[in-house]
Number of protein chains: 4
Amino acid sequence: MGARELLPVESVATLSAGPKIRAADSVHRRPNSTVRIVRLSAEPSLVAAAYPFHHRIRVRFAETDAMGIVHHSRYLLYMEETRVEYLRHLGHPYAELRQEGLDYSVIECFVQYRQPLRFDDLVDVHLKLASATRTSFQMSYLMTVNDGLAPVVKASAVTVHGCTTAAGRPTRLPAWLGDLVS
Amino acid sequence: MGARELLPVESVATLSAGPKIRAADSVHRRPNSTVRIVRLSAEPSLVAAAYPFHHRIRVRFAETDAMGIVHHSRYLLYMEETRVEYLRHLGHPYAELRQEGLDYSVIECFVQYRQPLRFDDLVDVHLKLASATRTSFQMSYLMTVNDGLAPVVKASAVTVHGCTTAAGRPTRLPAWLGDLVS
Amino acid sequence: MGARELLPVESVATLSAGPKIRAADSVHRRPNSTVRIVRLSAEPSLVAAAYPFHHRIRVRFAETDAMGIVHHSRYLLYMEETRVEYLRHLGHPYAELRQEGLDYSVIECFVQYRQPLRFDDLVDVHLKLASATRTSFQMSYLMTVNDGLAPVVKASAVTVHGCTTAAGRPTRLPAWLGDLVS
Amino acid sequence: MGARELLPVESVATLSAGPKIRAADSVHRRPNSTVRIVRLSAEPSLVAAAYPFHHRIRVRFAETDAMGIVHHSRYLLYMEETRVEYLRHLGHPYAELRQEGLDYSVIECFVQYRQPLRFDDLVDVHLKLASATRTSFQMSYLMTVNDGLAPVVKASAVTVHGCTTAAGRPTRLPAWLGDLVS
């Protein structure tokens, strides 16, 4: 039995409304105005082999901070760059999708920072399309750096995306995207 | 099946390894190599009045992206700026803590993007110290923008932080910080 | 006699084409394909009193880098934020101008980094509209931080902007902007 | 009128104070409190073949802004990434230099934005070590994007760097670096 059933994740899914996609009909205004985290349900594997795609990124000096390590906000840039490369790899470049009037809002993101990244590290961002609904999908990520002997896990993450029209209205995922999950 | 699998929120605390503050070996010992999200357990209220502190930030043009809205990675910068102002408000400026050899790593973060932020928006970032352990604490956030009539909820978030020495070793929270929660 | 006459600035002005504004008719393809720096001719004063406007910005932690100081790219963000505040101060908010179909491309920028900025510094960005042509204008900047006794000069800078339509075509400056210089 | 006013490029070198590497008092001694731009004297060629090195960078979505083009501050990140790759190419990786207690402050930078960069563009950043003094050096840059037929010039730039100790004191360039110019 998956934790999903035990956690209040299921109910939450109907609660959270991402930017623009606002599935209003399924939003039950909770009486106590407390929102349950989390809609996201994907559980990123810590084994690189569980991911069908990866993309390598060199850490820029500008991405470090005065702690001497990569600032935690930059991980989102690495994940986005990897999504873009994954879509290109699938034959559906993001730029092309945008020209067709589709877009993918980020509705939620979750990152676990396990070990710091440093300047000049070569980060392998592993990506997997974890699940999809009619109008949204989840991606899970694993970031590793090879220390010379083996890949070392640095971070894991999940993002949830809503498919929208250019005007920001929720719309169905393209068929090819849903097909990847099933 | 251990309680760990059934109660991920609590048990995961022992599982997840933040940057620098916990050895990753407890992770690698897991048989199924799947890490449970999430350690974080705070549930950000959607009512601004539930937060004891807020800080107002004007959205910079450079923080927008080609979708015409604020890029999702920038929210982490707004949250960090608000943490810094909160510590100053408490009489314990972050710069001072760093000089004393303490630091606060970000171990986890979670953001729900509800409605987009736009250039020039005045964002009120509401902050609450949600919980604390001996060496870590959680902050919850609510971001609102006043549309002229009332505050509109734009995002909610949680960050988990580990208290470390300058060398990156986990260490006890300062007493004044733990006292804020109890 | 201004430096402008002594420098090869004049010829350069006709050469450089900013993003989108491309005053093609005045572009003489130089035979040796070497472009003269610089079009910009403003000379930022090092005296704060020479600037009619200033805006105070607190340095974010995320703006530092592993050298422990503010990354040199962030200064451009401070200058942009100050321009936006200056336009608001003049009663012509940038957001409003954009809605009216006007925009200001950055054609050139020049920064002299004199002393490092650090986390938590309160930076006063002094700004002056230095000069204007029919379709472009120059701003000069001085960044100071008060060390408790007096303002210390940290950086000076110049930006050159072209006024364009939303479609990116060069267009006349609004009258109120040209009037500020004369 | 001193030669300084007539030959700003040369004389200014003695005038301008970069971060950490030169005391600002020589500036404050100036009677008219006006600083001459510019120390930098390199003139970036517009012909890619004039550059001995280039590095290709893919524009990230997060680097665009609400104008739909790459924000002008990001160009500095592309230039820095290219410098780092150039040093690696020369067999003197930046990370190694920093471990040896050397660093390179950015003292000045100048960018001419000629045509906008866009999301997903493959930008070739051409780099040349343009000149060097005992303690500083200048790099010139050309950014091009191939439109399918030929490289199109998007921007040109110059940066001036001071060689410092880890403590921020000016120090001699390594011999191998000076040798590259002569």
Please walk me through it: do C/Glu81 and B/Glu63 pass side chain to side chain contact (heavy atoms under 4.5 Å, CB included)? CA-CA 11 Å; C/Glu81 178 174 324; B/Glu63 292 161 356; over 6 Å; no
Pair C/Arg60 + B/Glu85, salt bridge at N-O below 4.0 Å: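 Judged by the 4.0 Å cut-off on N to carboxylate O distance, C/Arg60 and B/Glu85 do not form a salt bridge.
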B/Phe61 versus chain C, the contacting section by heavy-atom distance below 4.5 Å: both
B/Glu80 side-chain N/O to C/Ala62 backbone N/O, donor-acceptor pair under 3.5 Å: yes
Taking side chain as C-beta onward, heavy atoms only, is B/Arg88 less than 4.5 Å from C/Asp120? yes
Considering residues, nucleotides and ligands other than C/Arg58, do more than 12 of their heavy atoms fall under 6.0 Å from its CZ? yes
